[in-house]
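Here is the structure we will look at, set down as structure tokens.
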Amino acid sequence: MGEHSHTRTTTKLTEQSLVFAVNGERFELFQVDPSTTLLEFLRSQTSFKSPNLGCGEGGCGACVVLLSKYDPSLDKVEDFTVSSCLTLLCSVNGCSITTAEGIGNSKDGFHPIQERFSGFHASQCGYCTPGMCVSLYSALVNADKSDRPEPRPGFSKLTVPEAGKSIAGNLCRCTGYRPIVDACKTFATDVDMEDLGLNSFWKKGECDEVKLRRLPPYSHGNGTCVFPEFLKNKTKAGFNMESEACYWYSPVSLQQLQRLLQMDDENNETSRKIVVSNTGMGYYKELKRFNKYIDLRYIPELSIIKKDHTGIEIGAAVTISKAIETLKEANEPQFSQEGKLVFKKLADHMEKIASGFLRNSASIGGNLMMAQRKHFPSDIATILLSVDAMVDILTDQRHESIMLEEFLGRPPLDSKSVLLAIKIPCWRLGVDISSQGYTKLLFETYRAAPRPIGNALPYMNSAFLAEVSLSKAGIMLNHCRLTFGAYGTKHAIRARNVEEFLSAKFLNTSVLYEAIKILEITVVPEDGTSHPAYRLSLAIGFLFDFLYPLLGNPAEISSFWSDGDNKALPFSDFKGKQDSNQLDQTKFSTLLSSAKQVIQLSEEYNPVGEPIKKAGATLQASGEAVYVDDIPSPSNCLHGAFIYSTEPLAWVKDIKFKPGSSLDGVIKLISSKDIPGENIGAQTMFGSEPLYADKLTECAGQRIALVVADTQRNADMAANLAVINYDKENLDPILSVEKAFERCSFFEVPSSLYPEQVGDFSKGMAEADHQIHSAEIKLGSQYYFYMETQAALAVPDEDNCMIVYSSSQCPELAHSTIAKCLGVPGHNVRVITRRVGGGFGGKAIKAMPVSTACALAAYKLQRPVRIYVNRQTDMIMAGGRHPMKITYSVGFKGNGKITALRLDILIDAGISVDISPLLPNHMFGSLRKYDWGALAFDIKVCKTNRPSRSSMRAPGEVQGSFIAEAIIENVASTLSLDVDSVRSINLHKYESLELFFKNSAGEPLEYTLPSIWNKLGTSSSFYHRIEMLKQFNRCNKWRKRGISRVPIVHEVTLKATPGKVSILCDGSIVVEVGGIELGQGLWTKVKQMTAYALGLIQCGGTDELLEKVRVIQTDTLSLIQGGTTAGSTTSESSCEAVRRCCDILVERLTAFKERLVEQMGSLKWETLILQAYNSSVNLSAISLYVPDISSLSYLNYGAAVSEVEIDVLTGQTTILQTDIIYDCGQSLNPAVDLGQTEGAFVQGIGFFMLEEYPTNSKGLVTAEGTWTYKIPTVDTIPKQFNVEILNSGHHKHRVLSSKASGEPPLTLAVPVHCAVRAAIKEAREQLHSWGGDESSSTFKLEVPAIMPVVKELCGLDSVQRFLQWTIGS
């Protein structure tokens, strides 16, 4: 890109300007607010909008950019990714920034990365895609700069594992990651082209040469990041700025630093902030302003890396990535073999800390200082503590060198103290001439976290270093260092009492057992720590894993001893060859290793049915696709942030701000008193909810007011400083469904929506041989975690009108709500939605209050107002999936055939009705997938003082599907039958399907589930794998596997949907539909349908119509009755609406064409349209598709097999393989439907296995963004992921025989949970054999089945029980 200069000045010039480049453009700033982040600058002051704000914590990767630095001494450019949401603008002096637009764009040409992401269907909503592309680009740039051998033509120097790991820190909520990994792997020099999945470049069966030729070409030039010449002359020294309001200093010596620290002693020192990377702000949020920033990166002593025979000294300002590189490359001859081993394992462990783009800027010293001052659960502190690391500290004029243990144990250092460096000693074996036999140094680090390869804080981390000697008498542990951290303690500790006990002892089972007993009283989590017993069990498991291999036969051990790595030792009867590397979570490929996609194409309605790439995917990859927050702010634009209640039921007396607060930029506080019309924030067919609490707040998280300020950060900061004065006297909130039941606090479910009971329950129970009574299931909530949080922009227009841009799934309802709130006619409001950065139901009702609050503030202030809700507030206000309590009684025969089922269900709807009355019907749509004989139920939708729950992908259906499987599992367990046989015997025959589903059942030929069930059993080798699994479980004590096959039946309903098609005079086509593009490919399918339907005119060029179609944004004044994009059927409804428009146009044009053909002969499309235009033929048609009774609802079928492995010592679950067959009818676009199937399934994994959405005792959400809320990542999806999209042929009542794909596949994640249960059952049977009377088969596995839950069911004391059993036997 060209070099442009942008100069911004204020009245007062400072000594130095801030100079940097963005995508080759020169920027020079003379005055900057030092708290400004790079992301804020890019999004507000440049045209580059591709870095998106996803979390503001460095935890999602949406804001990743490439930062390049030039080193004049080496004439070398260093390129690395950083989180722009945490990187301070003042820290990029002399740097070059590259965003996704700088990699490639529509004007200058797209980069192969962006084209391949698009072609491999690796972008759905697209909000995360630019960050993904930048992460991969960085990996390419650095690999191609390396001295590795030249790769094959068309490839980079990246390897397949590196390509996959390049995006390991980036989150995606849509795709399920598989296509993203495939797109990345296309650049790897060692890729097998056969392993690459479905794409739009080649067809199955073509040879590798053809495939490579069809890929967008890549060469080394594509991977080169050009550093601007004008920056090479920029001095390396940092940026300095002084003004009356704020300061940024970059001292270049310790003397300068000391002078700065001594300045202004009389001022409050907390107004000063010492920074290296500012990544700590992602965890410890800034709730106040600092006026002085001191950047330590330019002080030589803090950036030093020094190696000598005593070890490695690393400056405190050195990044974690640089420290890892240093430790990995520690091959100097002065280092001992033992020392190199220790350095390498330290580096390996550090690679599991945070994500690459955080490690690239976060400093090793900053991490340790957070551990020392704020008790951050640091991995670095724990592992360095085990190797006797030392630290250098400067306090005032005093320079001291102390052990890391003393450093961590001291009271928090004051702000004048600076950590200078860390010294890691080079370990060597002690020399003991009297010793007989072999002596070795063993070193291992351990970590248990929700994600195997990083980007998650650990439940526990440990590191063990031991010197052991082998003799005929056995193995003696000469001395050891045992450290434990992150378990709910102020800082990492050394277990000195355990060390002393073990020192100079020969190791045997009894010694190990006694050491563990001592450890039990040493590792004691503090009060308030979550899962304290689990964390202690991890400490015991880690120590056991480290020492138990040393208990084998000495002669046997000596023959295996190698490289000082006790993992190479035989595990004797303990583990066997298959069970080594017990706690090494990267034993399996940590990323997707293989995947298979099977689709069936149909050319009957071409281009409908073709797997074409998603419309706009390449623009999404380049960051040029426009979301609401990308729309440039109009002049005088203000920003809003919500103040919400922290009490579940209270009178709001007043709102004040913390005394002494600096309320910079605050304009006004908007509350219910400012509403000119109705106090309404959202509405559904069942009722409405208020925009703001009016005197009485009825749930924690309820909106009370909106702070309006000049910037989003000022608004957010002011909202955080708000203090609400409550009166709670004589108010008793309802915070549980049990209490709601007691008080009869329910929402009414209309009789037309209440499902019908089936059969005679009493008769069915009488026929049963066995009965289970009053069994309970509890299911929690789930947060949407759309990558784009709630966003809106309201702009006042002439004549009392308001234009609102909203990230909404139902602009029509938002339109009506805004008009009511403002007290204006509907024609005074226009709501526009172009695309949504992920919705999953959360951008339907829950988006309305955001756009309404925006419109109200803009109306009152007569200025544009925008809101981008921060992730923390979004999580608190979102409500999420409906929690529920289920009590059931079931009767069944001895062969497992169920004869009767009764369910009593209490659904927690929260404080407002929202769509909750729909839940009973939705639940029973999927719960009826089995033939229960007779089905009776009582469902109460409970009104509680919690945030209102709303629709979330497969609302009710995912719970219903799980409930069905939990009942089946319980029946099988009670009868001691194979659970798969119980499932099979209870599958519907068509007659029972018709009884349970009535009109939705369709024709007998449409019931494809039995054939899917059998086909999946064969294609997944289900029965063979069961036998293999049994063998594995017999041979392995500490890893257990389970497998499960589960069917789904999912009922969907179509809704009335409008469409409009207009043909312009040049032959191009504009389409409007009521449905919103959320990433589900709605626009793509609509384009295909338009091209097909207009192509029926049959004239020259109609085979190229697809490229002439553009689907435009939804505008509520242009196309009315748009409804809500939800329920998986909006794509097909929109397609049918468009088809009917096209039918009208084809009818008009056909007669006209025939007359022209008589005059002109052959006719091209453009000629036909121009002639029709000139002849005043109406070239625009509008329709409203209203499904008739025969096509109103139908059933979707599918089945999945999942195999998992659990680590009995940690509770870690690895999904080894998933096989899915899903019936999509005759798919409108198999690539889109495949993406929906994979993405929904992985979101289901999140619900069943990972995502905790906790609240405090008042119902206020306590999950802290990306730090504690863990959606699936690329390392938590199945290692083998096979999906077949079944084309089940013609369905006369469907839209071109198609079926839905958005929500039903989410319920296919149930077998992952069931397989975990099966694996736990194996572990419990083993535990029972070691002594104990707990039942091995009857137990409840919670949802989500997180690591502590799994471990607890496997036995928190399994190690102790095993050792006692071993000693006893």
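Residue pairs that meet the ring pair (Phe, Tyr, Trp, His ring centres under 6.0 Å) test with at least one member in residues 721-755, sequence neighbours left out, are Y754-F937. Applying the salt bridge (Lys or Arg N to Asp or Glu O under 4.0 Å) rule to pairs touching residues 658-669 yields R289-D664, K668-D674, sequence neighbours excluded.
For D654, the CG atom is densely surrounded, since the number of other residues' heavy atoms within 6.0 Å is greater than 12. Atom CD of E738 has more than 12 neighbouring heavy atoms from other residues, nucleotides or ligands inside a 6.0 Å radius.
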message = If you apply the rule salt bridge (charged side-chain N to carboxylate O under 4.0 Å, His left out), what do you find for E1252 with K1270, and how did you get there?
response = CA-CA 8 Å; E1252 288 185 287; K1270 297 300 177 187; over 6 Å; no
ask   = Where do S645 and Q702 land on the side chain to side chain donor-acceptor pair (under 3.5 Å) test, with the steps shown first?
value = CA-CA 5 Å; S645 170; Q702 184 174 16; over 6 Å; no
inquiry  = Go through it in stages, so that I can follow the logic: the residues are Y534 and Y459, the test is ring pair (Phe, Tyr, Trp, His ring centres under 6.0 Å), and I'd like the CA-CA distance, side-chain angles, deciding distance and then a yes or no.
reply    = CA-CA 9 Å; Y534 168 66; Y459 291 110; 5.2 Å; yes
request  = Could you please spell out the steps behind the ring pair (Phe, Tyr, Trp, His ring centres under 6.0 Å) verdict for Y783 and Y1253?
outcome  = CA-CA 7 Å; Y783 170 57; Y1253 198 22; 5.7 Å; yes
task = Kindly determine whether K846 and S948 satisfy side chain to side chain donor-acceptor pair (under 3.5 Å), including the steps that lead there.
result = CA-CA 9 Å; K846 291 293 182 178; S948 60; 2.8 Å; yes
Test salt bridge (charged side-chain N to carboxylate O under 4.0 Å, His left out) applied to R43 and D629, step by step = CA-CA 9 Å; R43 294 193 61 79; D629 201 48; 3.4 Å; yes
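A salt bridge is absent between E729 and K653; no separation between the charged side-chain nitrogens and carboxylate oxygens falls under 4.0 Å. With salt bridges taken as basic N to acidic carboxylate O contacts below 4.0 Å, one links R703 and E689. Salt bridge K778/E1342: absent, no basic N to carboxylate O contact under 4.0 Å.
Annotation: side chain to side chain donor-acceptor pair (under 3.5 Å) contacts of E1264 (sequence neighbours excluded): none. Remark: Y627 engages no residue in a side chain to side chain donor-acceptor pair (under 3.5 Å) (not counting sequence neighbours). Under the side chain to side chain donor-acceptor pair (under 3.5 Å) criterion, S35 pairs with D33, R713, not counting sequence neighbours.
A cation-pi contact links R881 to F1247, judged by a cut-off of 6.0 Å to the six-membered ring centre and 45° from its axis. Cation-pi contact between R871 and F785: present, with separation from the ring centre below 6.0 Å and deviation from the ring axis of at most 45°.
The two residues L856 and I675 make their nearest non-hydrogen contact at CD2-CG1, 3.6 Å. Closest of all the heavy-atom pairs between C821 and L691 is SG-CD2, 4.0 Å.
Using cut-offs of 30° and 60° for the angle between ring planes, the Y692 and F642 rings count as tilted.
Side-chain atoms of Q809 and T1125 form no donor-acceptor pair, as typed in the model, at a separation below 3.5 Å. With 3.5 Å as the limit, one finds a donor-acceptor pair spanning the side chains of Q683 and S816.
We find the CD-OG1 distance between E812 and T833 to be 12.0 Å, quoted to the nearest 0.5 Å. Taken to the nearest 0.5 Å, the CD atom of E1303 stands 6.5 Å off from the OG atom of S951. Note that NZ of K374 is 11.0 Å distant from OH of Y283, once rounded to the nearest 0.5 Å.
Within the 6.0 Å centre-distance limit, the rings of F962 and F1248 are counted as a close aromatic pair.
Under a 3.5 Å cut-off, the side chain of T1116 and the backbone N or O of H815 do not form any donor-acceptor pair.
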Which pairs would a plain distance check flag for residues 904-920, meaning a side-chain donor or acceptor within less than 3.5 Å of a matching protein atom at least two apart in sequence or in another chain?
residue, atom, partner, partner atom, Å
D904, OD1, R902, NH2, 3.0
D908, OD1, G910, N, 3.0
D908, OD1, T944, OG1, 2.6
D914, OD1, S950, OG, 2.7
D914, OD2, S950, OG, 3.3
S916, OG, H882, NE2, 2.8
S916, OG, V913, O, 3.3

